[in-house]
Amino acid sequence: MKNIIQHINKAFDHRIRLGIMSILMVNESADFNTLKELLGVTDGNLASHAKALETEEYIAIEKQFIGKKPNTSYKATQLGKKAFQEHIEALEKLIKKS
């Protein structure tokens, strides 16, 4: 059992970070407003959790302007995809053992 839980990643403990990664695993990228709407979170909540994932190098954040409006988009990195997949697999193994 200890071997299973060692692969549960603390970076994905919070539901917002779990949600961000889940969305980015099935979409090439997502912009700030899309993530905010899908997750039902505030600007500050989304920004702080996205920053935590960026710090771990699990997501890449790209800021640009479309016309005169700022646009922030998010994309899961290869490292992030691998870490998230390992996290999900560890959870599945834990559920099957229970």
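Sorted by first and then second residue, the salt bridge (charged side-chain N to carboxylate O under 4.0 Å, His left out) pairs with a member in residues 13-34 read Lys10-Asp13; sequence neighbours excluded.
Thr34 is not listed as a side-chain neighbour of Asn27, based on a closest heavy-atom distance of 4.5 Å or more. Using a 4.5 Å heavy-atom threshold, the side chains of Asn45 and His49 count as touching. No side-chain heavy atom of Lys75 sits less than 4.5 Å from a side-chain heavy atom of Ile59. Inter-residue side-chain proximity for Lys69 and Phe65 is flagged as unmet; no heavy-atom pair is nearer than 4.5 Å.
Applying the ring pair (Phe, Tyr, Trp, His ring centres under 6.0 Å) rule to Phe12 yields the partners Tyr58, Phe84, His87; only residues at least two apart in sequence or on another chain are considered.
For Glu86, the CD atom is densely surrounded, since the number of other residues' heavy atoms within 6.0 Å is greater than 12.
Heavy-atom minimum distance, Leu53 versus Met21: CD1-CG, 4.1 Å. Nearest approach of Thr77 to Ala60, heavy atoms of both residues: CG2-N, 3.8 Å. Considering every non-hydrogen atom in both Leu46 and Lys36, the closest pair reads CD2-N, 3.6 Å. Between Leu24 and Tyr74, the shortest heavy-atom contact is CD2-O, 3.4 Å. When all heavy atoms are compared, the tightest approach of Ile61 to Ala50 is CD1-O, 4.1 Å. Closest of all the heavy-atom pairs between Ala11 and Glu56 is CB-CG, 4.3 Å.
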- Task: Could you check Asp43 against Phe32 for side-chain contact (heavy atoms from CB on, under 4.5 Å), going step by step and ending with a plain yes or no?
- Result: CA-CA 8 Å; Asp43 289 5; Phe32 186 88; 3.6 Å; yes
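For the atom pair OG of Ser22 and CG of Leu39, the computed distance is 9.0 Å after rounding to the nearest 0.5 Å. For the atom pair Gln64 CD and Ser73 OG, the distance stands at 6.0 Å (nearest 0.5 Å). In this structure, the separation between CG on Leu94 and CD1 on Ile8 is 5.0 Å, given to the nearest 0.5 Å.
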